[in-house]
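No hydrogens, no waters, no symmetry mates; every other heavy atom, side chains included, goes into these values.
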Amino acid sequence: MKPILTITLGLAMLAPGARAASLSEQLPAGALLTLETRDAGGALERLSGLIGNVVNAVGGEENEDMTGTLDGMQELLKGSLGKEAALGVFTVGTAGKTFTPHVLAVSRVDELSGEFFGSLFKKAPAARVGVYTFSRQGDVFAGMAGGLVYVSTDKGLLMGYLGRLSGKDAPRLVNSVAYTRPTRSVGAQELSLFVNFSATAKVIRGYLGRVALPRLFSPVVDAIDTLGQYAAGFTTTDAGLTAASAHAANAQGKDQPLYRLLTHTTDFKVQDIIPADVEAVAARACAPESGAYTARWLTRLDLFDPLGFLSDSQLAHHLERAGTYLGSECAQVTLAGGMKAGLDSSNPLASLDSSVSYQRVRDMDAAKKHLPEYAASVNAAIAGLGDSLGTLIRAGGPDLTGALPAELRDLGSARTEQLSEGLGQSLEPLQELLAGMKMVYAFRGDYLITAFSDKALQAALAEGGETLAQSADFQGAGLSMSGAGWRYQGNLPDLSVEDFQAALADSLKGAGLDSGAGTDETDATMSDEERAMLEALKALPSTTSGGAAGLDGALVTIGTVTTDLINRYDGLTSQSSVQGSLILSKSSVRYRWE
C-alpha cells in the first residue's frame, strides 16, 4: 500500500497544476521544498489529449482498454491534483542531533478520488487531531477527512499540519518572507515549485559541523546559501503555456562574487550580428568576474580530475585571464539545422556543427594576444584526452578481489577483466570523436565567437544575410534588450517522418537491431535485452497505408508519433530582469495541444 500511496500523492505532484494557496500556506514554516498545484483540470485534459493521440496512433488490440484506463486515471487526477494539492519536504530533528528529511503531502479530493484513496487504506487504529483522523499505513502516516487526503513520512510533522488546519496558532509558511517574497512574485500558477537553498545550506552546515568537515565543503555551502530562495511555475493555455520564476538571491550570503553574478545586468547588442535564421538564442548578462569565479571552482575540482584535463588545458588560468578583457554580454546560439543535426546518432558530435558562443570584448588587443595561446592549450589537452583515458583504463582501479570470499575471487577477477576489455573496445571510437573536436574562434565587431567546429564558426561568420535584430519575427517578440537576459526560439521547420525514421534506424543499427535483425546469425549475438526490445518494436502496428511489416513498420509508427509531438512546438520567448536582489523571469511557449 505504501508505494502506491506515496507515488500517487508524491511523484504525481509533478503533473501539471497550480499553486494551492490555502493548503500550501498552511504548511509548517521552514519548508526546504514545495510542489503545489491548483485548478489543473484544463492542463490535465490537454496532457491526456496528447497521450490519447499517441495511443490512437500506436493502435493495436489493447488500444480500447488503454484508452479506458487513461480516461479513468484522468478523472482521478482531475478530482485530486486537478483541484489543489501541496507537497513539502521538511527536516525533522532536535538541536544537537542529525536532522532528517521528511515529506508531507495533502490534496483536496472529490467523491470519486476520495473513494479511490480510501480503498488504499487498510484498517488500523486511528489517531485524531481536531476533526482530522489518521493511522499508520506501512511506513507512512495517512488519513482522509474534510475532503482532504493527507500522508506524511513523519507522525509529528503530520500532526503539526493537521493542528494548523484545525486552527492551532503555529508558524506557517504563509508568514515566512523567505517563501512569500518569491512565490508572490511568481503569482498563481497551475504547477509551482519553491526551493529554499539558504535553509538547505543551514541543514548541511550543521551536519558537516558534527562530522568535522566544515572547512573542506564550506565554499559549496556558502554558494548554496547565497542562492537564497527560488520559486517557479507555469500555466497551460490554448496557445501553449506561460511560465514565471523569481529568484531571491541572498544579499547577505558569504559568496558575494556569486551574488554579483546572479544580479548582473547589461544592455544587449549581440542580436545585431547573430544570423536571422538561427534556431535558438540564449543571451545572458555575464559579469566580467565570471571567468575568475569559474576558475576558482575548477581549481578545486582539479583535485578530483583523474584525467588531468583541467591541468593540461590550464583552463582555470585561461578563464581568469579572459575575464580581464571580456565584457558583460554572452550568448549561446544554435544555428540553422541544429535540431536535425542532433538526431544523427551515428555522430554524437554532429550538434557541434551548429553551436557557437558569442562574448562581448572590452579589450580587443588583449583578446587577440591571448586567444591563440588559449585555443592551442585547450586543443592540445583534448588531443591528449583519448590517451589519458586509455592509460586510466589500462591502469585499472584498486584490486578489491582480495576482500572477497575465496570462492568468489576468481569470479571477481574475471568480471574485472571483462570490464576492462569492454572499456578498451569502446575507447577507439571515443578517441576518434575527440580527434574531431577543436576549439576555433574569430572576432566580429566587438564580439568573440567561439565554437568546437570550423563548420559552425564559418556559418556564423557568413556575410550578407539578415541579422536577428532585423528579423520581423524577432522584432515581433517585443523582447527588451536590457536586463539579466533573454531567450528566443522561432517556429522551427517541421521535422519529417523520414528524418526521424532515418535517425532512429541508424541508432538501432548501431545497437545491432537493424531491419535485418532477427535472423539466426544476429539472434546468436544479441543479448536478452536487445532481443526483447526487438520483439517489442516488431509488435508495434504500422501507421502506413501499405502496412510495412516488422521493424520497418515500427519505425514508421514511432517516427509518425514523435514528429507529431515535436512539430506541435512553435517556439518560445523569455525575458529576465533584476529588481534589487530579486531576479524575475517570464516565458511564453507556443505549443499546439489540439
- Within the side chain of Ser453, is there an N or O that forms a donor-acceptor pair under 3.5 Å with the backbone of Lys455? yes

- Using the test side chain to side chain contact (heavy atoms under 4.5 Å, CB included), find all partners of Asn250 that sit at least two apart in sequence or belong to another chain. Ser198, Asp225, Gln252

- Message: Are the side chains of Val356 and Thr450 in contact, using a 4.5 Å heavy-atom criterion?
- Response: no

- Task: For the residue pair Ser480 and Gln575, confirm or rule out a side-chain donor-acceptor distance under 3.5 Å.
- Result: no

- Query: For Val278 and Ile274, which heavy atoms make the closest approach, and how far apart are they?
  - Reply: CG1-CG2, 3.7 Å

- Message: Let's go through Thr334 and Glu279 carefully: what are the C-alpha distance in whole Å and the side-chain angles of both, what is the deciding distance for side-chain hydrogen bond (donor to acceptor under 3.5 Å, both in side chains) to 0.1 Å, and is it a yes or a no?
- Response: CA-CA 6 Å; Thr334 301; Glu279 291 189 350; over 6 Å; no

- Query: Between atom CG of Leu468 and atom CD of Gln470, what is the distance when rounded to the nearest 0.5 Å?
  - Reply: 9.5 Å

- So, Ser581 versus Arg181: side-chain donor-acceptor pair below 3.5 Å or not? yes

- Hey, is the main chain of Ser351 close enough, under 3.5 Å, to the side chain of Ser355 for a donor-acceptor pair? no

- Has the side chain of Asp570 got a donor or acceptor atom that lies under 3.5 Å from a matching backbone atom of Tyr591? no

- Using the side chain to side chain contact (heavy atoms under 4.5 Å, CB included) rule, take Phe194 and Gln229 through it: C-alpha gap first, then chi angles, then the decisive distance, then the call. CA-CA 7 Å; Phe194 166 75; Gln229 294 81 34; 3.9 Å; yes

- Query: Are Phe197 and Tyr230 close enough that their ring centers fall under 6.0 Å?
  - Reply: no

- Looking only at heavy atoms, what is the nearest atom pair of Arg590 and Gln489, with distance? NH2-O, 3.7 Å

- Query: With a 4.5 Å heavy-atom cut-off, do Cys286 and Ser328 have their side chains touching?
  - Reply: no

- Query: Would Glu329 and Arg362 pass as an ion pair if we require N to O under 4.0 Å?
  - Reply: no

- Carefully, step by step, assess His318 and Tyr374 under the rule ring-ring contact (aromatic ring centres under 6.0 Å, His included). CA-CA 6 Å; His318 289 303; Tyr374 184 3; 5.1 Å; yes

- Donor-acceptor contact present, side-chain Thr91 to main-chain Pro101, <3.5 Å: no

- Message: Over 60° means perpendicular and under 30° means parallel, so tell me whether Tyr293 and Trp297 are parallel, tilted or perpendicular.
- Response: perpendicular

- Within the side chain of His370, is there an N or O that forms a donor-acceptor pair under 3.5 Å with the backbone of Arg321? no

- Query: Does CZ belonging to Arg360 count more than 12 external heavy atoms closer than 6.0 Å?
  - Reply: yes

- Query: Will you find, in the side chains of Gln332 and Ser357, an N or O donor that is under 3.5 Å from an N or O acceptor?
  - Reply: yes

- Given Val281, Thr467, Thr573, Leu479, the one that forms side chain to side chain contact (heavy atoms under 4.5 Å, CB included) with Phe474: Leu479

